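What follows is a set of notes on a single structure, which appears directly below.
Scope of the values below: all heavy atoms of this structure, side chains included, with no hydrogens, waters or symmetry mates. Note that the coordinates shown come from a computational prediction; the quantities given were computed from them, not determined experimentally. Below, chains carry the letters A, B, ... as their sequence lines are ordered, and counting in each starts from 1.
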Amino acid sequence: MKVICALTEHFAAAVEIRDNPGLSSQAVVIGGFPHEHKPVFDCSIAAARFGIVPGLSLREAYHLCPDAIFLPPGRAKYTEAFDDVLAVLHHFSPTVEPCDLGKAFLDASGLEYLFGSKETLVRRVASEVYRQTSLLSKVGMASNKFVADVVATIASAEEPLIVREGEEKQFLAPLPVELLPISEATKKRLDLLGLRALGQIASLPPDALTSQFGQEGLLAYQLARGMDESRLMPRPRPMILEGEFAPDNPLVTAETLLGAIGLLLDRLIPKLRARSQVCGQLRLHLQLDGGGVWHDSFTMKSPTDSEREIMKLLKHRLETVQLPSGVTGIYLELSQLGSEQGNQYPLPESERVRQEAQLKRAIKRLKIRLGRNPLKRVVSLDPRSRIPERRAGLIEFEP
Amino acid sequence: MYVELHCHTNFSFLDGASHSGDMVARAGELGMPALAITDHDGLYGVVRFYREARELGVKPIIGAEMTLDGGYHLTLLAQNNAGYSSLCRLISRAQLSHSKGRASVALDTLARHSQGLFCLSGCKRGEIPTALLSGKREQATVVMERYVDIFGRDNFFIELQNNLCPEDRQLCRELVDLADNVGVRYVATNNIHYARREGHRLQDVLVAIKNRTTLDNSHHLRRPNSEYYLKSAAEMSRLFANYPDAISNTLAIAEACDVALDLTGYRFPDFQTPAAETADSYLEQLCWEKVRERYETVTAEVERRLREELDLIHSLGLAGYFLTVWDIIEYARRNGIPAQGRGSAASSIVTYILGVTRVDPIKHNLFAGRFLNDEMSAIPDIDIDIASDCEDHREKLIQYIYRKYGPDHAAMVSNVVTYQARNTIRDVGKAMGLPLHIVDRMARSLETHSAQSIGEDLSGLGEFKRHIGSKPWEQFVELCTEIADFPRHLGIHVGGMVISTSPLTDIVPVERATKPGRVVTQWDKDDINDLKLIKIDLLGLRMLSLIDEAVRLGKETRGVDLDLDHIPLDDPEVYDMLCNGDTLGVFQVESRAQQATLPRSRPRCFEDLIAEVAIIRPGPIQGNAVHPYLRRRQGKEKVSYLHPKLRPILKETLGVIIYQEQVIQTAIAIAGFTAGEADSLRRAMSRKRSKEAMAKLKQRFLDGARRNGIDENVARLAFKKIASFAEFGFCKAHAAALAETTYRSAWLKLHFPCEYYCALLNCQPMGFYSPEVIVNHARRQGIGVLPVDINRSKARCTVEGQKIRLGFRYVKAVGEKAWQKIEQERGEGPYTSLRDFHRRTGLEREAIENLILAGAFDYIGVPKRELLWELGLITSQTHDMLSLEFPVHQIPLPSMTLMEEIAAEYRVQGLSARHHPMEVFRHGISRDGILSSAEIAGLFPDTRVRVAGCVVSRQAPMTARGCVFITLEDEHGLVNIILRPRIYEKYRQVARMEPFIVVEGTLQKKDGILNIVAERLTPLREERERQDTMYPTPAPKARNFA
């Protein structure tokens, strides 16, 4: 396995500075205003030099650096920015694991066939992240997550680092024990024993470390030797179904517009049903004649796979909208997709009714998929027959 | 007209936000004829409030806000002296019947001691307002009637407060309604917590400090607005416009209150003499019986002096006092407690004969007028020094006095701990939620002791300039200035004890101290002195313990039975040692200043030693006596006198004033003062000196001198010398008592050095130097110091073949139970291994870890890290596991470097038994001309030198005009560094905060004394980095095998 770690330190502050370059020369503290009784969410590198760290109270941060710029946290903005970074990484690999805000791993196995040498790959990752998000990332590549993480921490934004397979132990050997994800108490004891470099830990017998420090000792030993078997846990891609339609002439009436949307739904709903899913939200983007976009999103009262219900909702909305010009393009997205088992039904319905409805829907889907109903009901034919096959028969199940 | 009857000064600890003086001054400005003080459950500030109010013409009303069982508040005011006594008794009961800080009084106690008291129903936390606020009107009526029964209808008032809180007007309405129904009068108060509105900010901070929280987290605890200030009659009349009687009743109460705080009822207890004896006759009998124990031949002079003193004691009625002190000393003697009198009492032949003091006043020509004279305005002080070590001798004596006089008649004097620079920064910083690491660094960097000059002090430091100049820190500095000198809490005075014939609780409230079994007065020593109560000082003196222990060790190790009462006071070797300045650890003469003076003053007899002890004091220094004395001792200056009349007085001190007695005698000789007048002059020039009083005294002095025919210029000069001396010097009797201890300690150090240093280490903390300096010094003196050893050490340090074995007490996390367990188990046989030690003692891992690092297991011969590894394996086994020995892996652990070993020893015991850190550092700084203390000794004066070492002491005496003195220690010895004010200002942070420094300066050599006048200070770590960069370790040279 090959793992790349992309790390943007002080991510939230980096996003704020990117969006407002005037802050680049200032100490920036994110979390709120000094009088607020809240902790620091993040801070810029300039602010960190004054001893400000996330978790410190804003008041303390103010007293440490009275000249700092204090900003309220825009968590949605940071998540969106991080999503952008992840999206860039997704272009390289389908297996991307987001870690803390600003840090992500991606599985780089086999990517050299697509992107050239390892050096080219890591440089491209760093440069693509910067090109598409304007955020500087430190990138490191190694054979596992722990080593890749350490490599990215040590690397600079300008110079990505690579540790080749088999060189992990040698690379880690001079590095300090503080890099290990073990408890402070164990780190303190290691220091007392004079074991301050990872190389020293790596040279000890694993059973000795285990008997001295328990499981932490074994973990320290494995990591110090560059052995990390933890797997990447890829982030599930957002589940959406999307469709586009570009009419030859601008659609100017609601009826024609709804007709075109109906065509789109005719394509999307069978796909939805084939996944045994229902949709909770719609996003509609309308490209207007002469430029400009009209867009809106709709949340369903309850998740559904019914084209009729979706059309009803869209019709209700579009009939009340006065579009300034004709529509030249339609983009429809079905999102918040989930299993229909997660549906909530009105309370008065009994459990039996609910189960029947579910069963019917399941049979309907099976019929669409297989072209027939595979479910059969067992009925008694001649229970006393001496030939077992005649005692019962199968008929199509209709709940 | 309005009088405020509910007022908290800052003696409502961490609640009141103004000094009583500010309250009284504001009351004066507002035209209040009287003002009440009502601090929480105490009369802590009453004495100064009473004095300040009288001075400003405001009638003082003494009261307190009492806490009742159930937490309700009640305001009590003393109507007369009987009421004052009731208040004292109530407060004492409230304090003594509960743990410290949780005073509360029961209703039946209140009923028993209600005589002479006005009672106001209290603030919103009063029982009646609480009931009304909860809608329990009937209960409020019942409570009110109960108070009326206790205090009487004329002495109970409903208290109305309107601090503009939402519920206040409604509450006032209901209270007035209730009062009218029951037929009780009402009175307005404002629950004052600060003199002016601006004080609310500080009050908020105090509340946060009291509740150990920050301002941000204390909203629910703080007062809702800033209305709790001293308001004018007009403001109060507006607030209580609907209840005019509430205002007029304040005047009625004020007029009815009249307490005189003169304590005429106080009397020192009579001594219980044998039947048919009075105190005077018994004292006389004792003295004549014991005189032969002190004097082989009772000369006429002894007889005359004894008779004179006994007559004086008789006429002053002090026989009981002398007998009480004698009784305490006798008890100490019978119980093997080293104790001796000090101070001016040493000039008395009576105290000498009774065994209270040890210095012969006849032999050493001690003037008794300073201690006893027929015009005395105050009771003479007899202070007693008691050995204070782990056996807690002092506590035994205190408990003896409690037993003998009863807890109602004896109490320790309290000490009011006030806000000074450091505790102010820490407390205010925490309350404001400031970054604690900066607050701590600021506190450690401070030069000033006064909280008022914190801003000025810190802004002089580059490190904090940025903070102090910014808005948020400005507020911090302002609050620090405002809180300066505020009482923080009540502690115990180092040894003052008050004894009284009548119950003390009639005179002054008493309360529990934090220490179990201790009761303290609510007044501090100044208040006690102001009201002329007699205080006996029982002061702990570790040097007495040290001497006692050194003598005992001498007997144990060498079999020598020492009797220090009979050692010769003229041992030339002792004086040689003193003259060489080899006085580290010697009582009173170990300071840098003393070490620098001794080679110049060269004491050769006990009289010289008395002068030496007395001369390094602010009095002689400010009186410009030191240098003339030293020059005259060296024969470099002719002895001269301001006037021939002074020759007999100043002859022994070569024409300069060194002792307090000489001040008195000079006033008598030049200005014709009587002994009493001269003593009054000395007292007037003490801590409470005022310009007006000094001007009057000066005129009286000059007038007297003129009448004696003395030239005015001479008289002026004499007065100047006296005035600058003031009380900041020793009286000769006191100096003689101290010098006697100095001589004993020097004698022991010379003849029993190992025992002496061992006892010195056991009696720490004491003196100028830390244990690490003592250990290093002992090693340099050729006395081996052995590390702690689990099979040899005891709790205290011990002597082992003329070497000192460190004790377990020095090892952190090894407490009393651990020592006992180690010693108890060792009785069964020595420990054979780490596992054996762990199994038998069951000590915590941290304790064993520290013992390993301190070298206690070195005897096993296994490196410390391997032992630590083994300890980890042993302690990882749980209790329910069989204690089987697992095979120990051969782990290639790195050996500790010498620096690591030293650092570990310092971390776990504060010192290294074998090495000085400079031994290691020296290697890294040896490439750029940095010399050791041994090397500079051979250089010429005025040579520019660089030395490096550990800062072992920093001193900035008030008398040094801004100069700071640092003592550096390296592996070879000590070096004195002088920092002139400009240099100190420049390098203050290095001088104060860095443990190891490099000093560059000019060598100064005078009379064998070696100093370096510093020009530049650098942290040693920076110097090491610099040299490492400049002189990288060279690659090993190739060997030429050809």
Side-chain angles (χ1 to χ4, degrees), chain A residues 27 29 32-40 43 47-53 55-68 70 177 185-197 199-218 220-221, chain B residues 214-219 429-430 432-439 441-442 464 466-476 845-846 849-850 852-853 863-878 886-897 900-901 903-904 907-908:
Chain A
V29 178
F33 297 106
H35 65 271
E36 288 184 279
H37 193 198
K38 289 179 184 169
V40 171
C43 66
R49 285 196 196 109
F50 290 94
I52 298 171
V53 288
L56 199 73
S57 79
L58 287 167
R59 185 181 289 274
E60 279 188 272
Y62 180 44
H63 283 102
L64 283 172
C65 183
D67 300 328
F70 285 78
V177 165
T186 302
K187 283 181 188 171
K188 200 175 154 196
R189 281 178 61 198
L190 287 169
D191 181 68
L192 206 55
L193 291 163
L195 303 173
R196 288 163 193 148
Q200 290 174 288
I201 307 284
S203 67
L204 296 176
D207 50 345
L209 278 165
T210 311
S211 51
Q212 183 74 220
F213 301 106
Q215 280 304 308
E216 272 199 316
L218 185 61
Y221 171 80
Chain B
T214 60
L215 285 170
D216 281 344
N217 294 329
S218 61
H219 288 288
K430 269 185 212 165
M432 290 183 74
L434 305 182
L436 292 182
H437 65 281
I438 295 188
V439 168
R441 207 169 154 79
M442 277 183 174
F464 304 121
R466 186 172 54 84
H467 294 100
I468 299 301
S470 70
K471 209 65 196 150
W473 289 88
E474 259 176 32
Q475 208 176 31
F476 165 70
R845 179 155 110 196
E846 190 191 358
E849 204 169 89
N850 288 356
I852 292 171
L853 293 171
K864 286 177 180 173
R865 281 193 170 134
E866 286 184 25
L867 286 169
L868 289 171
W869 183 271
E870 192 186 340
L871 178 67
L873 296 177
I874 294 169
T875 52
S876 64
Q877 292 177 30
T878 52
F886 291 103
V888 177
H889 296 278
Q890 287 303 310
I891 303 300
L893 293 169
S895 299
M896 277 184 156
T897 61
E900 280 177 332
E901 285 211 25
R907 196 168 62 244
V908 301

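- Smallest separation of non-hydrogen atoms from A/Phe70 and A/Cys65: CE1-O, 4.2 Å.
- Within the 4.5 angstrom heavy-atom criterion, atoms from both the backbone and the side chain of B/Leu434 approach chain A.
- A search for ring-ring contact (aromatic ring centres under 6.0 Å, His included) contacts involving B/Phe476 returns B/Trp473, not counting sequence neighbours.
- Under the side-chain contact (heavy atoms from CB on, under 4.5 Å) criterion, A/Glu36 pairs with A/Phe33, A/Lys38, A/Leu58, not counting sequence neighbours.
- Heavy-atom distances place the side chain of B/Leu853, and not its backbone, under 4.5 Å from chain A.
- Heavy-atom contacts from other residues, nucleotides or ligands closer than 6.0 Å to NZ of B/Lys430 number 12 or fewer.
- Interface check for chain B: of the options A/Arg189, A/His63, A/His35, the most heavy-atom pairs under 4.5 Å are formed by A/His63.
- With a threshold of 4.5 angstrom between heavy atoms, A/Leu204 approaches chain B through side-chain atoms but not through N, CA, C or O.
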